[in-house]
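Please read the structure below before turning to the comments.
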Amino acid sequence: MLAHFKTIQSYGSSEIIIKKSRFIGHARPVESEEEATQFIEAIKKEHKAATHNCSAYVIGERDQIQKQSDDGEPSGTAGKPILEVIKHQGLKNIAVVVTRYYGGIMLGAGGLIRAYTDGAVIGIEAAQPIYKVNHQKVLIEVDYTWYGKIENELRNQGMLLGDIQFTDKVTVACYPLAAAAETFINWATDITQGQGMITAGENTYIVHKNLPE
């Protein structure tokens, strides 16, 4: 797993008018090429009266899958600019479609590139860029006599907490950054003076609006 990557939170769309042509940028998070193609086809169906529905997507932790489509616009003036916006912003697991309703004024190659670039940007902004950050789940199990101290120390650290289970003991689910998990486990062992049971769990991506410091 990556330490973190940038993607978008949910489907979003926005539009602009450029020389009477209407450009609508759509963006959606996707996990597979199948999801990306289904999204593109859904937009094409929704906007079947549009002049063009140009698209691009990037999928995979290492951007293994990258595709684009000019959908009838001059080669290199639509799909490629959309793809370049995705790559420039460092986004992964995303599909973007820019719909154009022709307004009667020719834009020229340079104008088309700028228009599709802008359409991609506003669609991505509407979909709310986020970061997915690699955290490791760590369970701390202690007697009730330790719970107050542990809770206070964790909150002072600003630790991301999950469920807290109260049975014959208290079990607190913590989510330190994966890169800092070993240090956190050592800290938790020390703070409980070896009286707690510390268990390392699975790694998971957690959404952040900004990268944690």
Side-chain angles (χ1 to χ4, degrees), residues 1-134 205 207-211:
M1 295 175 69
L2 299 174
H4 59 80
F5 67 90
K6 189 178 180 184
T7 185
I8 51 176
Q9 184 164 309
S10 60
Y11 168 75
S13 70
S14 187
E15 67 176 83
I16 51 175
I17 305 296
I18 300 174
K19 293 186 177 180
K20 297 186 178 181
S21 279
R22 181 184 174 205
F23 290 87
I24 310 169
H26 317 262
R28 180 189 157 183
V30 292
E31 296 294 330
S32 66
E33 190 166 16
E34 182 180 8
E35 277 189 34
T37 56
Q38 287 175 351
F39 169 62
I40 293 166
E41 290 305 313
I43 296 298
K44 285 183 174 182
K45 185 176 180 180
E46 180 183 353
H47 293 277
K48 58 185 177 183
T51 317
H52 306 280
N53 285 288
C54 306
S55 60
Y57 53 86
V58 173
I59 300 166
E61 289 188 344
R62 288 170 175 76
D63 306 337
Q64 299 96 314
I65 302 173
Q66 300 182 26
K67 289 195 178 176
Q68 55 173 288
S69 168
D70 292 312
D71 194 38
E73 291 282 30
S75 179
T77 63
K80 184 177 179 180
I82 297 169
L83 181 61
E84 287 303 314
V85 170
I86 295 172
K87 292 166 67 176
H88 179 73
Q89 293 196 18
L91 294 158
K92 301 177 185 296
N93 294 351
I94 178 176
V96 177
V97 182
V98 180
T99 299
R100 182 189 186 189
Y101 287 88
Y102 181 56
I105 299 176
M106 302 286 285
L107 299 182
L112 285 173
I113 290 170
R114 288 189 294 274
Y116 280 101
T117 296
D118 292 346
V121 168
I122 62 171
I124 290 167
E125 287 176 351
Q128 301 176 55
I130 56 168
Y131 292 92
K132 288 193 173 182
V133 181
N134 188 359
Y205 285 119
V207 171
H208 290 253
K209 291 290 180 68
N210 300 292
L211 282 177

> Taking the side chain from Thr77 and the backbone from Leu112, do they hold a donor-acceptor pair closer than 3.5 Å?
Replying inline: no

> Between Ser75 and Asp70, what is the shortest heavy-atom contact and its length?
Replying inline: CA-OD2, 3.5 Å

> salt bridge (charged side-chain N to carboxylate O under 4.0 Å, His left out) with Lys6: which residues, sequence neighbours excluded?
Replying inline: none

> Hey, does the side chain of Asn53 reach the backbone of Thr99 with a donor-acceptor pair shorter than 3.5 angstrom?
Replying inline: no

>> Show me the pairs that pass side-chain hydrogen bond (donor to acceptor under 3.5 Å, both in side chains) and involve residues 121-132, at least two apart or across chains.
In response: none

>> Any heavy-atom pair between the side chains of Gln68 and Ile82 that's under 4.5 Å?
In response: no

> Backbone N or O of Gly103 within a donor-acceptor pair of the Ser21 side chain at under 3.5 Å?
Replying inline: yes

> Would you say Leu2 and Arg62 make side-chain contact, with heavy atoms under 4.5 Å?
Replying inline: yes

> Roughly how far apart are Leu83 CG and Cys54 SG, rounded to 0.5 Å?
Replying inline: 13.0 Å

>> Please enumerate all residues that pass side-chain contact (heavy atoms from CB on, under 4.5 Å) together with Asp118, with sequence neighbours excluded.
In response: Ile16

> At their closest point, which heavy atom of Ser55 faces which heavy atom of Ile40, and how far apart are they?
Replying inline: OG-CD1, 3.6 Å

> Are any of the side-chain heavy atoms of Lys44 and Asp71 separated by less than 4.5 Å?
Replying inline: yes

>> With heavy-atom distances below 4.5 Å as the criterion, would you say the side chains of Leu211 and Val133 are in contact?
In response: yes

>> My understanding is that only residues two or more places apart in sequence, or in another chain, count here; which of them pass salt bridge (charged side-chain N to carboxylate O under 4.0 Å, His left out) with Glu33?
In response: Lys67

> So, for Pro81 and Thr117, which heavy atoms are closest and what is the spacing to 0.1 Å?
Replying inline: CB-OG1, 3.5 Å

> In chain order, what residues pass the side-chain contact (heavy atoms from CB on, under 4.5 Å) check against Arg22, with sequence neighbours excluded?
Replying inline: Glu15, Ile17, Ile24, Tyr101

> Where do Glu61 and Gln64 come nearest, in terms of heavy atoms and distance?
Replying inline: N-OE1, 3.3 Å

> Quick check, are the ring centers of His4 and His208 under 6.0 angstrom apart?
Replying inline: no

> Of all residues at least two apart in sequence or in a different chain, which pass the side-chain contact (heavy atoms from CB on, under 4.5 Å) check with Ala127?
Replying inline: Ile8, Ala27

>> Run the ring-ring contact (aromatic ring centres under 6.0 Å, His included) test against Phe5 and tell me which residues pass, sequence neighbours left out.
In response: Tyr205

>> Run the side-chain contact (heavy atoms from CB on, under 4.5 Å) test on Val58 and Leu91 for me, step by step, so that the C-alpha distance in whole Å, both residues' side-chain angles and the decisive distance to 0.1 Å come before the verdict.
In response: CA-CA 8 Å; Val58 173; Leu91 294 158; over 6 Å; no

> What pairs with Phe23 under ring-ring contact (aromatic ring centres under 6.0 Å, His included), at least two apart in sequence or on another chain?
Replying inline: Tyr116

> Is there side-chain contact between Pro29 and Asn93, with at least one heavy-atom pair below 4.5 Å?
Replying inline: no

> Considering residues at least two apart in sequence or located in another chain, which fulfil the ring-ring contact (aromatic ring centres under 6.0 Å, His included) criterion with His88?
Replying inline: none

> Which residue pairs satisfy the salt bridge (Lys or Arg N to Asp or Glu O under 4.0 Å) criterion with at least one member in residues 82-106, sequence neighbours excluded?
Replying inline: Asp63-Lys92, Glu73-Arg100, Glu84-Lys87

> Would a 4.5 Å heavy-atom cut-off, applied to side chains only, mark Val96 and Ile124 as touching?
Replying inline: yes

> Which pairs count as ring-ring contact (aromatic ring centres under 6.0 Å, His included) when at least one residue sits in residues 50-85, sequence neighbours excluded?
Replying inline: none

>> Ser32: which residues meet the side-chain contact (heavy atoms from CB on, under 4.5 Å) condition with it, sequence neighbours left out?
In response: Glu34, Glu35

> Which pair of non-hydrogen atoms, one from Ile59 and one from Ala36, has the smallest distance, and what is that distance?
Replying inline: CD1-CB, 4.0 Å

